[in-house]
Amino acid sequence: MKKLILALLIPLLVLSIIYVPVPTQAQEPVKGPASDKVIMKRVPIDQVPSAIENKEIDLYMYSLRPAQAEQLKEIEGVVFYQAPAGLIDIIMNPAPVIVEVLSGTYDAVGAAARIGVPKDAVVGLKHNETHTFVYLGAKPGVGINPFAFRDVRFAMNYLIDRETAAYTILKGYAVPMYTFLSQFDPDYSVIADIIAQNEFRYDPAYADQLITQALQKVGATKSGGKWLYDGQPISLKFIIRIEDERYDIGNMIATDLDMLGFDVQRIYMRFADAIATLYGTDPAEFLWHMYTEGWGKGGIDKYDSGTIAQFCAPWVGYMPGWQEPTWWNYEHPELDDITLKIYQAQYKSKEERNELYRNGTRICIEESVRAWVVTRLDTWVAWDYVKGLTKDLGAGLRGIWNLREAYVEGREDKSLKVGHLWVWTSTSEWNIWGGFTDVYSVDWERVTYDPSMWTHPFNGLPIPFRVSYVVLTAGPDGNMTVPTTAKIFNAATNSWENVPEGTTAVSKVVFDLSKYIGAKWHNGREITMADLIGYIAMIYDLVYDEYYSTLEARIVSNNKPWLDTVKGWEFDIQNKRMTVYVDYWHFDENYIASWATVTPVNPIEIHVATFELALDRRNETNLVLYRRSGYQTFSLVYPDHVTLVKNTLATYTDNNAVLEKANKYADGLLTMTEWNQRIQADLEWINTYNLAWISNGPFMLTKMDTVANEGEMTAFRDPTYPFKPGDWYFGSPTPSAVKSVTITSDIPNKIVPGREAVVRVEVSGIPPLYLKYMLRDPSGQILVFADAQKIDDFHFTITMPPEFTAGLEYGTKYTLQLIVTSDIVATPEIAKIPVDTATYAEVLNLQQEAFQRAISELRGEILALSNKVDALPKNPATPDDVSALKSAIDSLSMVVYATLGLVVVTLVLSVIPLIRKK
């Protein structure tokens, strides 16, 4: 299912690391992960130094606080891994305080007059044929929500002291962040100038000015330094997380809001309570106004299509209202349109895609539903005896590769002891449909299954994981005919049907599924096409079925934009191949493959039981697939839910009605004999482990103690498993860097206004390398943002022509920002180089030196001419003599004119400072 996960939408290095057995008489290599067992243990952050020092754990999967990292630095053998994998922002609640319904059609001015409020109190309008729906951010007798007003939200950017957050609170383990992307993301180079224009300074006075202008327009007043509306203090409910630095960041911002005159209610919460309050309630209930959000990256994405949508656009379900249809929802049709075009690749070139991305970024910053604080330079700790770790540039130690490949050198039982902030929480829901929304459950889940594709840990491009593929495309402008043998699932009839004649698609991808089909699930049963086909059909049913889609609107909003582009499926059971036809094109064909692929994570019968419990019997079980207030989110590891699954599966044996339902999804591929064998294997698994999570990856989840917060994963060594230890080890990348910068001009390493300057840059890294540059004046104004000219693999030049440098001030310090990117290592390298322009005195001195040289040349020419005159014959001159004399006089004249020109230039330069001082 296409779930938008932060910075990792299954999104060239087509590094297809595929195990090919070599014919040999030696013992076959062991299959599965490097360790035999992963022992999972909850360790609060403040206990990590002790747990590491006493070797209670070998590594810690959650990022350390700076204080704990400092404690561990002096311990010999301790190794740190760092990556920009954590993000912190402040999300604001933009809900109106009331929606008024007026008969007739009104604009904002007319609606405000009719209701009796200032026009600026209107924050939104909707119309139907007979009525106008007026969204008010303030109304006497009802109240006010300051964050309903975009200008107030935008002003919050100036009330966040990012420097203090990054360098004092986080002690340098973070960098300031101004929008949804940081300087470490591959697409940073696309929007670097937009980010630079919005590098918000910490300026409470300016924030106060903007807020005052906005609130006074709607009738708020200040008395005794406190904001009042309708005679009452303006209160803000600020949910502040207490487990990490967000506690200090939240309190810092709350203090500044207090100083500005707001009545700030600091509501301190831990993870589970905060998540339930924020994402599980209607924003219009106003149980919160602000929250210290935190995010963890799953990897890097070379060409982002999900992050901008997730953090800016309503359709994904991550903006206030969360796409629950009965709640108030933040709306922005333009952002939806732009980000859907990016997500669905509705563009015809990389340049067009980049322009969409830039426009979406601008609007997202203007809207400021989220005000970004810092990118955490997350730091993980491990002992140096832990081998096999890859430095994922986006996810760090949390990268999907590491628990697969990590092992302790020389340990007899081949176990790996791993600490985490949580092994399980009450909101860690193990179900693939709407669960896995926290980093804790995700970190464990990702080593229990194998994705079809993933993104490379260094370049962020899609690579094959458990499938290989061939891409054929007619895009961006053409189409191909989808054969009528291809099928599509019809949710209305609950059946697979042939596509209509004349159906077309832009691209098709043929997948080789032989590493899935015929291999085993963890319970020992074979993975078949029925699992894949049935899973795909169930996605259709959830998205398009009239009843199911109303139950899980958030899942629908996340998946429908993908599923709408799929035009047909062909399943070649004999050859273990699947062909997918999609209306999707990308300038990198591997993205087309990642768009078209799906990943079977659980057996079909587990999904059938899930649908029965969380959809069909919802009123009885009180279970849902995606978190909702008043319900429990279904989980295949929570004891009570596991019991329900067990009891439900027990009714499936020899059950023709259930098999018929499953076969509608699986296109008739299941027999009763196989069905009963599957059910028996599932029940044996549940009886053994008291868990219903059955998957196909290198580790089996064999223990989840929700009380002790401990667990275990056991290596899956079945010979049908396709990978062996070492197959997914990448090591560390070679970063790009700026090695040297040299400015060539009339004054070395300085730009002379009005004269050409050439900047020569030497870079390092793995080619192909690219260089962008940005020149900013002392006020931060961007003067130029462009690509440097490539000379060879490691050398670039930036040419600043005289007409450009003429606009620069004498004796001023500018900033040259250089952005190095690579196709192989996608994280940009940024260098900020101070660049000086020549002072007036330096230029005048330069002109004077030139003047003196010209005078010397003039004297030499006069002397040479005198000597020629003396050498003329006393007899009448010949024509040749006259010609030689004329040439010498012409040469002297040129020198004279040049010297006079220098005099004029010097005189002009001498008055420039006087003119500029006026």
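No hydrogens or angles considered: a donor-acceptor pair under 3.5 Å links the side chains of E570 and T485. For the residue pair Y544 / N490, no side-chain donor-acceptor distance below 3.5 Å is found, with atom types taken as modelled. If you check the side chains of D588 and Y303, you find no donor sitting under 3.5 Å from an acceptor. Side chains of D450 and Y516: no donor on one and acceptor on the other come within 3.5 Å.
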Kindly determine whether V580 and V566 satisfy side chain to side chain contact (heavy atoms under 4.5 Å, CB included), including the steps that lead there. CA-CA 7 Å; V580 189; V566 181; 4.1 Å; yes
Output, in order, the C-alpha distance, side-chain angles, deciding distance and verdict of side chain to side chain donor-acceptor pair (under 3.5 Å) for N602 and Y535. CA-CA 9 Å; N602 309 115; Y535 171 55; over 6 Å; no
Verdict with supporting geometry, F436 and W693, ring-ring contact (aromatic ring centres under 6.0 Å, His included): CA-CA 13 Å; F436 299 111; W693 182 258; 5.5 Å; yes
N402 vs R398, side chain to side chain contact (heavy atoms under 4.5 Å, CB included): CA-CA, chis, key distance, verdict: CA-CA 7 Å; N402 285 321; R398 292 181 50 248; over 6 Å; no
Would W433 and E552 count as a side chain to side chain contact (heavy atoms under 4.5 Å, CB included) if you check the C-alpha gap in whole Å, the side-chain angles of each, and the deciding distance to 0.1 Å? CA-CA 10 Å; W433 301 95; E552 295 289 353; over 6 Å; no
Start with the C-alpha gap between Y449 and F465, add the side-chain angles, then the distance that decides, and say whether ring-ring contact (aromatic ring centres under 6.0 Å, His included) holds. CA-CA 11 Å; Y449 82 97; F465 201 106; 8.6 Å; no
Output, in order, the C-alpha distance, side-chain angles, deciding distance and verdict of ring-ring contact (aromatic ring centres under 6.0 Å, His included) for W322 and Y279. CA-CA 7 Å; W322 326 117; Y279 306 112; 4.8 Å; yes
Take D477 and K348 through the salt bridge (Lys or Arg N to Asp or Glu O under 4.0 Å) test and state the conclusion after the steps. CA-CA 7 Å; D477 296 310; K348 295 185 178 181; 3.0 Å; yes
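In this structure, D718 does not pair ionically with K31, as no charged nitrogen and carboxylate oxygen lie closer than 4.0 Å. Classification of D531 and R678 as a salt-bridged pair holds, one side-chain N sitting under 4.0 Å from a carboxylate O. For R362 and E366, the salt-bridge test fails: no basic side-chain N is under 4.0 Å from an acidic carboxylate O. Electrostatic pairing of D438 and R627 does not count as a salt bridge here, judged by no charged N lying under 4.0 Å from a carboxylate O.
Evaluated for a salt bridge (Lys or Arg N to Asp or Glu O under 4.0 Å) with K297, the options D304, D185, D443 yield exactly one hit, D185. Partner of D187 under the salt bridge (Lys or Arg N to Asp or Glu O under 4.0 Å) criterion, chosen from R358, R353, K302: R353.
Considering OG of S514 and CG of N575, their distance stands at 10.0 Å, rounded to 0.5 Å. The structure places CD of E829 at 11.0 Å from OG1 of T821, a figure rounded to the nearest 0.5 Å. Taken from CG in N359 to CD in E334, the straight-line distance is 8.0 Å, to the nearest 0.5 Å. Note that CD1 of I766 and OG of S736 are 7.5 Å apart. Values are rounded to the nearest 0.5 Å. Between L532 atom CG and I527 atom CD1 the span is 10.0 Å, to the nearest 0.5 Å. Remark: D541 CG to N494 CG distance equals 5.0 Å, nearest 0.5 Å.
Counting only heavy atoms from C-beta outward, the side chains of I195 and Q183 never approach each other to under 4.5 Å. Two residues are said to be in side-chain contact when any heavy atoms from C-beta on lie closer than 4.5 Å; F785 and I819 meet this criterion. Here the side chains of N329 and P314 are not in contact, with every heavy-atom distance at 4.5 Å or above. Annotation: side chain of Y469 is in contact with side chain of M453 (closest heavy-atom distance under 4.5 Å). Between I536 and V598, some side-chain heavy-atom pair lies under the 4.5 Å cut-off. Within the 4.5 Å cutoff, the side chain of M578 has no heavy atoms near those of the V467 side chain. Between F730 and E405 the shortest side-chain heavy-atom distance does not fall below 4.5 Å. For the pair I573/L669, a side-chain contact is recorded, criterion being any heavy-atom separation below 4.5 Å from C-beta on.
Judged purely by atom type and a 3.5 angstrom limit, T375 has no side-chain atom pairing as donor or acceptor with the backbone of P84. Panel note: side chain N431, backbone L625; a donor-acceptor pair is recorded below 3.5 Å. A donor-acceptor pair is defined here as one N or O able to donate and one able to accept, closer than 3.5 Å; no such pair exists between the side chain of S732 and the backbone of K391. Side-chain atoms of H522 come within 3.5 Å of backbone N or O of G697 as a donor-acceptor pair.
Pairing each heavy atom of T484 with each of N498, the nearest pair is O-ND2, 2.8 Å. Across all their heavy atoms, L356 and K341 have their closest contact at CD1-CB, 4.0 Å. The shortest non-hydrogen separation linking G731 to F458 is O-CZ, 3.5 Å. The shortest non-hydrogen separation linking V509 to F511 is CG1-CZ, 3.4 Å. Residues L670 and A662 approach most closely at CD1-CB, 4.0 Å, considering heavy atoms. When all heavy atoms are compared, the tightest approach of Y584 to S507 is O-OG, 2.7 Å.
Taking the ring centroids of W315 and Y343, they lie under the 6.0 Å cut-off. Aromatic ring centres of F311 and W295 lie closer together than 6.0 Å. Two rings, from F699 and W444, have their centers 6.0 Å or more apart. Remark: aromatic rings of W569 and F489 are distant, center separation not under 6.0 Å. Here the two rings, on W521 and F716, have centers that are 6.0 Å apart or farther.
Surrounding NZ of K661 are more than 12 heavy atoms belonging to other residues, nucleotides or ligands, all under 6.0 Å away. In E497, the CD atom is crowded: over 12 heavy atoms of neighbouring residues, nucleotides or ligands sit closer than 6.0 Å.
Remark: K790 is positioned above the aromatic ring of Y770, its terminal NZ or CZ atom under 6.0 angstrom from the ring centre and at most 45 degrees off the axis.
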